[in-house]
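Since the structure comes first, as structure tokens, the remarks are kept for the end.
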Amino acid sequence: MYFKNILVPYDESDHAKSALHIALGLAGPYPEAKVSVVTVIPSAALPNPTLLSDGSLDVPYALGDPSTYERIMEATVERASSDAQAVIDQARDDAECKIVADAVIADSPVEGIADYVKSHDIDLVVMGRRGLGALRGMIGSVSFGVLRSVDVPVLTVK
Ligand code: ATP
Ligand code: MG
């Protein structure tokens with residue numbers, strides 16, 4: 001098996017599900033291969049930690065204390081990876097490769113994916129050409145950004 005460590009960036013779109021099927025088609029027969037299905041949660045989608053209340057803020061959206069913020073982050077990451085795990089359970093059939101669900105927080109999906117590629121020794125990215133975005137066109141901004149920012153091969157699928 002030429003590719004042993006495949007990343008499928010996952011945003012819950014049908015395109016990303018197609019990408020997972022293609023990745024499993026490539027890696028499925030090989031017990032030594034691994035497919036990582038990873039959702040990036042943009043940090044802007046989380047509550048702003050500067051709103052943490054030290055008692056001086058009297059705003060309804062103040063979060064209380066840092067441990068509350070930690071808990072929100074952990075719960076968000078946990079939920080995203082268990083959503084991905086449910087999709088894996090449906091898609092895995094008799095695949096013999098390892099398949100893991102993961103979620104990371106990053107400034108942007110592109111940065112999160114590019115960092116993951118480096119830190120996890122990824123040798124192939126398989127991703128949707130489009131995602132959840134409503135705009136139609138050739139290729140989504142996340143796919144475009146990943147193509148520009150990683151050095152490993154990227155397979156984009158419809
Ligand atoms: P845009 O977001 O630019 O409006 P789009 O949503 O149609 O366009 P992209 O966001 O580029 O297209 O999605 C293309 C692929 O990128 C998806 O199929 C998925 O594989 C991946 N992707 C997109 N967003 C994320 C994310 N937050 N985390 C992980 N993977 C993602
Ligand atoms: Mg998108």
Side-chain angles (χ1 to χ4, degrees), residues 1-30 33-51 61 63 69-93 95-158:
M1 162 87 192
Y2 191 81
F3 298 110
K4 288 205 170 57
N5 207 356
I6 302 178
L7 170 63
V8 176
Y10 183 69
D11 66 351
E12 300 189 336
S13 65
D14 288 343
H15 308 263
K17 287 180 186 140
S18 303
L20 174 59
H21 282 280
I22 301 265
L24 291 179
L26 288 169
Y30 303 98
K34 177 164 146 189
V35 174
S36 304
V37 181
V38 180
T39 301
V40 181
I41 299 152
S43 33
L46 288 163
N48 184 340
T50 60
L51 293 180
Y61 44 85
L63 284 172
Y69 183 70
E70 287 287 314
R71 281 207 304 280
I72 291 173
M73 289 209 310
E74 279 163 20
T76 308
V77 165
E78 178 59 37
R79 200 185 53 227
S81 47
S82 66
D83 286 354
Q85 185 61 54
V87 174
I88 290 169
D89 292 342
Q90 281 194 341
R92 73 166 304 142
D93 275 334
E96 290 183 41
C97 59
K98 286 191 255 350
I99 314 175
V100 299
D102 203 354
V104 295
I105 296 169
D107 285 349
S108 71
V110 173
E111 276 181 51
I113 293 163
D115 287 349
Y116 203 95
V117 166
K118 284 200 200 108
S119 59
H120 289 75
D121 211 18
I122 296 297
D123 53 19
L124 174 69
V125 179
V126 184
M127 65 193 301
R129 217 171 284 177
R130 302 284 338 196
L132 290 172
L135 288 179
R136 294 292 99 197
M138 252 286 275
I139 191 165
S141 60
V142 177
S143 295
F144 185 71
V146 170
L147 281 167
R148 282 173 26 143
S149 47
V150 305
D151 292 330
V152 299
V154 179
L155 179 60
T156 60
V157 306
K158 267 191 176 164

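As a basis for the values below, the full set of heavy atoms in this structure was taken, side chains included, without hydrogen atoms, waters or symmetry mates. Start at 1 and go down the list; that is how both ligands and their atoms are numbered.
With a 6.0 Å radius and a threshold of 12 heavy atoms from other residues, nucleotides or ligands, K34 has its NZ atom at or below the threshold. Remark: D89 CG is packed, more than 12 non-hydrogen atoms of other residues, nucleotides or ligands lying under 6.0 Å away.
Residues satisfying the side chain to side chain contact (heavy atoms under 4.5 Å, CB included) criterion with S108, sequence neighbours excluded, are V110, E111.
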Side-chain donor-acceptor pairs of residues 112-129 under 3.5 Å, sequence neighbours excluded:
residue, atom, partner, partner atom, Å
Y116, OH, D102, OD2, 2.8
S119, OG, D115, O, 2.9
H120, ND1, Y116, O, 3.4
D123, OD1, K4, N, 3.3
D123, OD1, N5, N, 3.0
D123, OD2, K4, N, 2.9
D123, OD2, N5, N, 3.4

List, for ligand 1, each N/O atom that has a protein N/O partner under 3.5 Å away, with both atom names and the distance.
residue, atom, partner, partner atom, Å
ligand 1, 3 (O), S141, N, 2.9
ligand 1, 3 (O), S141, OG, 2.5
ligand 1, 6 (O), L132, N, 3.2
ligand 1, 6 (O), G133, N, 2.7
ligand 1, 7 (O), R130, NE, 2.9
ligand 1, 7 (O), R130, NH2, 2.8
ligand 1, 7 (O), G131, N, 2.8
ligand 1, 8 (O), R130, NH2, 3.1
ligand 1, 11 (O), S141, N, 3.3
ligand 1, 11 (O), V142, N, 2.8
ligand 1, 11 (O), S143, N, 3.1
ligand 1, 12 (O), G131, N, 2.9
ligand 1, 13 (O), G131, N, 3.3
ligand 1, 18 (O), G128, N, 3.3
ligand 1, 18 (O), R130, O, 2.8
ligand 1, 20 (O), P9, O, 2.6
ligand 1, 20 (O), G128, N, 3.2
ligand 1, 27 (N), V40, O, 2.9
ligand 1, 28 (N), V40, N, 2.9
ligand 1, 30 (N), Y10, N, 3.3

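The ring-ring contact (aromatic ring centres under 6.0 Å, His included) analysis of residues 133-158, with sequence neighbours excluded, yields no pairs.
Side chain of S143 to backbone of I139: no donor-acceptor contact under 3.5 angstrom is found.
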